[in-house]
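Reckoned from all heavy atoms, side chains included, excluding hydrogens, waters and symmetry mates. Keep in mind the model is a prediction, meaning the values are calculated, not measured. Residue numbering restarts at 1 for every chain, and letters A, B, ... go by the order of the sequence lines.
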There are 2 protein chains.
Amino acid sequence: MDIRGVAALARVSIATVSRTINHVPTVDPALAARVWKVVHELNYLPNTQARALVSGRSRLIGLIVSEITNPFFPELIQEFEQAAVARGYEILIGSTNYESKTMEICARRMLERKVDGVAVMTFGVEDFFLDRFAAENIPYVFIDPAPSRPLNSVLAVDYLAGISEGVQHLAVLGHRNIAFISGPLSRRSSLSRKEAFLACLHSIGLKPNPDWLIEGDHTLDGGRDAMQKILALPHLPTAIMCSNDMTAIGVQHALFEADLRIPDDFSLIGFDDIHLAEYTIPPLTTIRMSCRDLATRAMENLLSRRNPGVGSTPSTASTTQPAGGLDSLNPRQDQPSATIATRLIVRRTTGLPHRALDDLRPDASKQNTTSLPPRAQRQRRSARP
Amino acid sequence: MDIRGVAALARVSIATVSRTINHVPTVDPALAARVWKVVHELNYLPNTQARALVSGRSRLIGLIVSEITNPFFPELIQEFEQAAVARGYEILIGSTNYESKTMEICARRMLERKVDGVAVMTFGVEDFFLDRFAAENIPYVFIDPAPSRPLNSVLAVDYLAGISEGVQHLAVLGHRNIAFISGPLSRRSSLSRKEAFLACLHSIGLKPNPDWLIEGDHTLDGGRDAMQKILALPHLPTAIMCSNDMTAIGVQHALFEADLRIPDDFSLIGFDDIHLAEYTIPPLTTIRMSCRDLATRAMENLLSRRNPGVGSTPSTASTTQPAGGLDSLNPRQDQPSATIATRLIVRRTTGLPHRALDDLRPDASKQNTTSLPPRAQRQRRSARP
DNA sequence: CGGCATTGTGTAAACGTTTTCCCTGTCAAC
DNA sequence: GTTGACAGGGAAAACGTTTACACAATGCCG
């Protein structure tokens, strides 16, 4: 069942079998045919471990994500896997569950299994591991957050464009009081999204209300809790932006429980455009980030850096850079290597603000209660005209 | 950076290093301490490939699922991974996307990477691969469908119990006209669920209407399409059972689009109880199947069969069975090794049927149209009293 | 005090590949 | 007919571990 068996049956050396199955062109076609025949008869499958051990390439690409149960990540994983398989690689998934201990274990696994590259889309990685990956000459690419120190490679997401579209959409509809539910602020990408939101607000002349900047955790529960916090506030916004779709779905649930309506009582915008966003009730207006783009860019970035000094680098570039220090430092220490576009997908959670803008909940402040006037007293509007 | 480096610095042989890091108890504590010190200083990580190559154990467990973007599977994967890690294993995920070609590639990968076991939760696997796994003495466990021929091991899900609870719940509420949206009927587990549904119907004296048995595909789109098919029918059921939650969410969407209400116009029951089910609008009544149970049972089943003839098997068992033929056939060819319980979780998509039971849409049949009377003409009921 | 377990360590042979290097042909050119 | 180049295939050395085996040192018992 091993290569020796094949060699014996095909009456060739194991070297020839190896060359044949690796499509080395110098093999005599007649011999190759004989080898292939035996390979198929025996259903011979080469042992990946032995292969990787001697060749130094595992044909494995690591992908470290935050949380596999957040539907965004499976969508990313799927795209990433397709991109990998198309290039002859497999992927090894690690999920950190937002715990740095788990993160460490993931990184360790990737090192132990000798991955040929790692894409990371989760919170900050320990410097220790960056050093290790660099030392072992394993290319890595960070999707979206810029960690503390200069990196070989970062894929930036154009938050500003998407969030700006969202904020403008709301502003055009007449919203002036917009809340933002961020992700965990320990995550740099969460911070980026929040900062992008604040910048957008500023650019259209609105001032943020600190009460309306809530820290969530990118989960359904977190979104629900955050919205409940907002509902308990003395002054209510008329629109909510969320830093991911799961949070927005949690918000929808909280509003449903409070017997409030979207978009009549609150407009709502998510982020990611997971497939589910089309299916929420009502369908979620959200900011799309292309998983496919992300995945293909990440893969290409990784593979292009596989053999530093060799490969498709234009010769002009290599002359301008010192060639040494390959082991400890990848010479291509470049700027964000690509930017992923975002764009607003308008569905049905955004509409005109129905409450007075400057005069939020006049009766509520009189009654000194946090609840809105009962649903029945307010005008009801059908979802579609 | 390899074991030799550690051995040299600790002034011991590589065998001692190997024994130390594998916690072989015969190592002298003083030496072990010296080794550990060097291991930590160097941040030595053993090469998994070399390890696996010589030891014959990859400490990798394969998990083949249908589709990673269906949230049920990430939940399963998470539990499975935890169960694996707790036992010192890692998992290798393959998703078939319901294509038998992809299934083949997955199985091939598992064989090439020399997994120590495989759990399969997707449609039927080719006999070829079953033979291969058996020949290589790789234990496998099938979650829920019983493939065509006798298997080493199957984990059965007690569909009947859960679906029966669901049907009875509907019957008690007064529903007599229940539709069922199945998964792809090429999948045996889909068939099982459908058959369980039919059996339940029969047991309470109801006859199935063939029009109301729709084949879906376990996706959001499939659920929506199926419900649209039902809505186009001349006679409408008052309740819908779905064979998974994603289908049910698709149904919710279709009803929302048609301006129909849950549970007023239709009662709805899902299956799986994914986390999202609590967050749909209204929250989904569904049949829970415990991922954790599934995962731990599958892992334990796999690991208990790892060393046939060796290990923790009680001696009585080994005497009653012929010991030979280990390579071609695992001797423990047993019945479904475990049954996973299911139970109904009542949320808010089930309620009293508001339409007449025997007399569906009398006006619709007169008008020869497929649409229900306009929403506004019918009584509206708030989600909660 | 000598043999004999016992305990712990080192040496070396695997594991299944890839890949380097060398050798044997074959063919063309002189 | 001899030489050189070249093509193609085989032998063997890696790759980094685990593990069987041998062997040295120690303690115990007679």
Exercise. Taking CG from B:L53 and P from D:dT18, how many angstroms apart are they, rounded to a whole number?
Worked result: 11 Å
Problem set entry | Pairwise salt bridge (charged side-chain N to carboxylate O under 4.0 Å, His left out) hits with a residue in residues 89-99 of chain B, at least two apart | A:R109-B:E90, A:R113-B:E90
Seminar exercise, completed: Sorted by chain and residue number, the salt bridge (Lys or Arg N to Asp or Glu O under 4.0 Å) partners of A:R11 (sequence neighbours excluded) come out as none
For this session: Report the distance from atom CG of A:N22 to atom P of C:dT17, rounded to the nearest whole Å.
Result: 11 Å
For this session: In whole angstrom, give the distance that lies between atom CZ of A:R113 and atom P of D:dC15.
Result: 21 Å
Exercise. Atom CG of B:D2 and atom C1' of D:dT18: how far apart are they, to the nearest Å?
Worked result: 14 Å
Exercise. Reckon A:R51 has a side-chain N or O less than 4.0 Å from the OP1 or OP2 of C:dT19?
Worked result: no
For this session: Please report, rounded to the nearest Å, how far the C1' atom of C:dT18 is from the CG atom of A:N47.
Result: 12 Å
For this session: Just jot down the salt bridge (Lys or Arg N to Asp or Glu O under 4.0 Å) partners of A:E41, sequence neighbours excluded, or say none.
Result: A:K37
Exercise. Just checking, any donor-acceptor pair under 3.5 angstrom between side chains of A:R297 and A:N301?
Worked result: no
Exercise. Below 4.0 angstrom from OP1 or OP2 of D:dT17, is there any side-chain N or O of B:Y44?
Worked result: yes
Problem set entry | Residues A:E112 and B:R51 bridged, charged N to O under 4.0 Å | no
Exercise. For the helix from C:dC1-D:dG30 to C:dC30-D:dG1, how many degrees between its two end axes (five pairs per end), to the nearest 10°?
Worked result: 60°
For this session: Could you note down all residue pairs passing side-chain hydrogen bond (donor to acceptor under 3.5 Å, both in side chains) where residues 24-34 of chain A supplies at least one of them, sequence neighbours left out?
Result: none
Problem set entry | Residue pairs involving residues 44-65 of chain B (criterion ring-ring contact (aromatic ring centres under 6.0 Å, His included); sequence neighbours excluded) | none
For this session: Could I get the full list of salt bridge (Lys or Arg N to Asp or Glu O under 4.0 Å) partners for A:E104, not counting sequence neighbours?
Result: A:R108
Exercise. Who pairs with B:I14 by side-chain contact (heavy atoms from CB on, under 4.5 Å), at least two apart in sequence or on another chain?
Worked result: B:I3, B:R4, B:A7
Exercise. For nucleotides 22-27 of chain D, read 5' to 3', which letter fits each nucleotide if B means a protein heavy atom sits under 4.0 Å from the base, S means only the sugar-phosphate is that close, and - means neither?
Worked result: ------
Exercise. Can you list the residues that meet the salt bridge (Lys or Arg N to Asp or Glu O under 4.0 Å) rule with A:E79, with sequence neighbours excluded?
Worked result: A:R292
For this session: Look at the side chain of B:S55 and decide which nucleotide, out of D:dT19, D:dG16, C:dG16, has an atom nearest to it.
Result: D:dT19
Exercise. How long is the line joining CZ of B:R59 and C1' of D:dT17, in whole Å?
Worked result: 15 Å
Do any N or O atoms of the protein come closer than 3.5 Å to N or O atoms of nucleotides 8-11 of chain C, and which pairs are they?
from: C:dG8; atom 1: O5'; to: B:T26; atom 2: O; distance (Å): 3.4
from: C:dT9; atom 1: OP2; to: B:D28; atom 2: N; distance (Å): 2.9
from: C:dG10; atom 1: OP2; to: B:S13; atom 2: N; distance (Å): 3.0
from: C:dG10; atom 1: OP2; to: B:S13; atom 2: OG; distance (Å): 3.1
from: C:dG10; atom 1: OP2; to: B:T16; atom 2: OG1; distance (Å): 2.7
from: C:dG10; atom 1: N7; to: B:R19; atom 2: NH2; distance (Å): 2.8
from: C:dG10; atom 1: O6; to: B:R19; atom 2: NH1; distance (Å): 3.3

Problem set entry | Between D:dG16 (C1') and A:L111 (CG): distance, integer Å | 16 Å
Exercise. Within this structure, what is the NZ-to-C1' distance between B:K114 and C:dC15, rounded to whole angstrom?
Worked result: 11 Å
For this session: Using the ring-ring contact (aromatic ring centres under 6.0 Å, His included) rule, collect all pairs that involve residues 3-36 of chain B, keeping only residues at least two apart or in two chains.
Result: B:H23-B:W36, B:W36-B:H40
